[in-house]
Amino acid sequence: MYDYHQPDLAGHFGIYGGSFVSETLTHAINELKGAYAKYQNDPEFLAEFNYELKHFVGRPSPIYHAARTSREQGGAQIYLKREDLNHTGAHKINNTIGQAMLARRMGKQRIIAETGAGQHGVATATICARYGLECVVYMGSEDVKRQSPNVYRMNLLGATVVPVESGSKTLKDALNEAMRDWVANVDNTFYIIGTVAGPHPYPMMVRDFQSVIGTECLSQMPEMNAGRQPDAVVACVGGGSNAMGIFHPYIAHENTRLIGVEAAGEGLDSGKHSASLQRGLPGVLHGNRTYVLQNDDGQVTETHSISAGLDYPGVGPEHAYLKDIGRAEYVGITDTEALQAFHYLCRTEGIIPALESAHAVAYAMKLAKTMRSDQSILVNLSGRGDKDIGTVADLSGADFYDRPSMRGLGVKGGVATSPEAFDASGAKGAGSQS
Amino acid sequence: MSRIESTFSGLKTQGRKALIPYVTAGFPFADVTPELMHGMVAGGADVIELGMPFSDPSADGPVIQKAGEKALSFGIGLVQVLEMVRIFRTKDHTTPVVLMGYANPVERYDIKHGAGTSESAFIRDAAAAGVDGMLIVDYPPEECVEFSARLKAHGMDLIFLLAPTSTDARMAQVAQVASGYVYYVSLKGVTGAGTLDVDAVEAMLPRIRRHVNVPVGVGFGIRDAATARAIGKVADAVVIGSKIIQLIENQPRDRVATVAHDFLQEIRSALD
């Protein structure tokens, strides 16, 4: 068994992590550290968290043996951890519940979040609706276009979605904008970060909330797999929260390989990808030290992925650490391979995976061929693909967007409508964002 | 005595307050910065804060972010920023220059211009160019122990921010590593946001001075002569950034230095 205790008290995973924030955010970060330290082992807090996971989210999520895929692909048995079956359709809800519970205990009435694919935004809007908290979600305007069903969903849930026009108009810019909002509204606002990145304690806290995934797998896998843990655990990595959630409880199990799948986009050497761990260099971004995709001048470069949720130039610092110590391996899957796996899983197993998760599925299918049929691979199917059907339809040449019934979903002639356009649903007006 | 220290002590003798303008290097024209800096000094600037453009300036507001994006589009990196300081120094040997920016470009510079693990190439080159101090927004005291030691070894000052949310314990912690001056961010928000509450600033300064024994500058939200005068009554220095960026952003190249000069002169006379 592997002896693993990370991070240290200041939030460092080896040389990574830490708390690289402006003085204007220090107090908010310290307040959060204090609150999390107080509640992370509090029996009443944990009981409520587990109650919510069971009754609101629908946990435990099952593990499914993709028998037909395993047979057709040849080689190892492929199992899917079905995070797509969670309420709101992805693993993101686990973490948002934990953080929203903290926000309530800290007396913060206003929640802000950033989102890429929109799954974290939807999860945050959902829990804010449930707890009666004001919710503002920052989203790159490029992602608002790509993920319009989720934008509409957030509006239905009462959240205000603010399109971010700066920089590359994707997740990293949404993060910058959310940090700015937090600085200006620290008194009443809690920032729910959606992944295992950002300043300490976020990487640790989000990992802890998401570790329920791997913890469940530890007891479910042996039941499914003749008493054995999987030979490999495979998960997609953008910021890395679903991967950390399933990896972390397995770190001590040295016989299980941990494999993170990054978005190779148009190829790892094309310059159009989001593979921070494979093509980035250590640096400081969004409050932590980690691998960052950057140019020679230390400017953060624009990223590309077919899936908005992986389109991020940094990665959680614990992944950076796991890579350096060799406990986890990181590989890439291209847009094309992910899309193929998406279609394959739809038709072979009757499961429409998120494009993010399709990256993990694609790699597992490759890996399976190199393994024996008595070996097993556990894939974290982090989310369902409903949100991506517009993107896939577009790529397949289907005339999805031309249907009048889809026009209201935030895409008009290829240009995202303003959030006000959604306010007819009773969503909070953009005026409440300041 | 560092150039920053002697500037402040000189002003103190005269009973005057320091005027500290901020401009983004390479904005609004790639090569206008040294000339702009001279113009600002002629207008009454005592210390110049020179912004190093960064792709993700999460502590800055839209005005400074846009200025940074424009400078980046001209290819302004840290090499070019240091060159601007070097050019400025050929004609001005007294006005302190403080570089303000974010950690990632600085760390990248160190790797690229490798000076071994014991030294920072950026600090070495900045010292050679005539830089007097640095303010790295996302290097809080607990994450910049090495950086701070290396700066000191080159006789440079490490400027820190303090915020309305900073606790007394935090001020004491910052005071242990800060040198040159500290920069009190007068309101909750990013650069260029809102208007500042002079009374709140006035109430905060005695608290800061209990912990910090270097001069205290106040910035964020200072946009005109009246606020500058009010702040100058309580602080040791007045820092102005976004307003200058806005004033020069649409000027033709030959007007940039003059416009900044005239604006600072107005502030200067309000302060004195």
Side-chain angles (χ1 to χ4, degrees), chain A residues 9-12 17-31 114 164-168 172-189 198-200 281-290 292-302 313-314 434, chain B residues 52-62 65-66 68-69 72 75-81 101-112 122 136-144 160-167 169-171 173-174 182-185 187-191 193-194 220:
Chain A
L9 281 175
H12 299 114
S19 191
F20 293 84
V21 294
S22 160
E23 182 62 25
T24 49
L25 272 181
T26 299
H27 181 65
I29 289 288
N30 285 341
E31 220 182 13
E114 86 296 329
V164 176
E165 300 290 348
S166 58
S168 56
K172 83 175 172 84
D173 310 289
L175 236 145
N176 288 331
E177 213 52 48
M179 283 172 112
R180 291 187 178 117
D181 179 314
W182 200 23
V183 170
N185 300 292
V186 285
D187 294 334
N188 70 340
T189 298
H200 178 63
L281 291 160
V284 176
L285 179 68
H286 294 147
N288 66 114
R289 188 187 301 286
T290 186
V292 177
L293 287 169
Q294 51 183 301
N295 68 16
D296 249 13
D297 286 330
Q299 307 298 342
V300 180
T301 49
E302 292 194 1
S434 57
Chain B
M52 304 183 277
F54 181 48
S55 54
D56 292 79
S58 54
D60 285 300
Q65 175 167 26
K66 248 177 70 191
E69 281 172 7
L72 288 174
I76 304 299
L78 298 195
V79 172
Q80 288 75 20
V81 174
Y102 292 79
N104 199 59
V106 170
E107 297 194 356
R108 187 78 201 116
Y109 186 103
D110 282 349
I111 294 168
K112 192 175 159 193
F122 185 63
I136 307 298
V137 180
D138 49 355
Y139 266 162
E142 48 276 74
E143 299 283 4
C144 73
F160 279 99
L161 299 174
L162 285 172
T165 47
S166 303
T167 59
R170 182 67 179 178
M171 290 179 196
Q173 192 184 358
V174 168
V182 295
Y183 179 171
Y184 176 59
V185 175
L187 45 83
K188 290 174 187 167
V190 292
T191 52
F220 283 37

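Numbers restart at 1 for each chain; the letters A, B, ... are given by sequence-line order, proteins then strands. Note: hydrogens, waters and symmetry copies are ignored here, and every other heavy atom, side chains too, is used.
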Handout entry: Residue A:S22 versus chain B: region with a heavy atom under 4.5 Å
Key = both

Fill in the blank from the handout: Cut-off 4.5 Å, heavy atoms of chain B, and the answer for A:S168 is neither

Problem - Minimal non-hydrogen separation, B:P140 against A:S19, with atom names - result: CG-O, 3.2 Å

Practice task
Between chain B and each of A:G287, A:G18, A:S166, A:G167, count heavy-atom pairs under 4.5 Å; write down the option with the most.
Solution key: A:S166

Handout entry: Any donor-acceptor N or O pair under 3.5 Å, side chains B:S166, A:E23
Key = yes

Handout entry: Contacts of type side-chain hydrogen bond (donor to acceptor under 3.5 Å, both in side chains), residue A:R289, not counting sequence neighbours
Key = B:E107

Handout entry: Interface moiety of B:T165 toward chain A, non-hydrogen atoms closer than 4.5 Å
Key = both

Problem - B:S55 OG to A:L285 CG distance, which is reported to the nearest 0.5 Å - result: 7.5 Å

Fill in the blank from the handout: Honestly, the part of B:P164 sitting under 4.5 Å from a heavy atom of chain A is neither

Handout entry: N/O donor-acceptor pair under 3.5 Å between B:N104 side chain and A:G298 backbone
Key = yes

Handout entry: A:Q299 (side chain) donor-acceptor with B:P53 (main chain) under 3.5 angstrom
Key = yes

Handout entry: side-chain contact (heavy atoms from CB on, under 4.5 Å) partner of B:D138, the single match among A:L25, A:V21, A:V284
Key = A:V284

Exercise for the section: Name the option with the most non-hydrogen atom pairs under 4.5 Å to chain B; the candidates are A:N30, A:D187, A:D173, A:L175. Expected result: A:D187

Fill in the blank from the handout: The interface call for B:F54 against chain A, heavy-atom contacts under 4.5 Å, is both

Exercise for the section: For chain A, find which of B:E69, B:E142, B:K112 contributes the most heavy-atom pairs closer than 4.5 angstrom. Expected result: B:K112

Exercise for the section: Identify whether the distance between the nearest side-chain nitrogen and carboxylate oxygen of A:D296 and B:R108 falls below 4.0 Å. Expected result: yes

Exercise for the section: Check each atom of A:V300 against the heavy atoms of chain B and say whether the ones under 4.5 Å are side chain, backbone, both or neither. Expected result: both

Problem - Which atoms of A:E31 approach chain B - backbone, side chain, both or neither, heavy atom under 4.5 Å - result: neither

Completion exercise
Of B:L162, B:I136, B:V79, B:L161, the largest count of non-hydrogen pairs under 4.5 angstrom with chain A goes to B:L161

Practice task
Using side-chain hydrogen bond (donor to acceptor under 3.5 Å, both in side chains) as the criterion, list what pairs up with B:D56, not counting sequence neighbours.
Solution key: A:K172, A:N176

Problem - Residue pair B:I111 / A:L281, side-chain heavy-atom distance below 4.5 Å - result: no

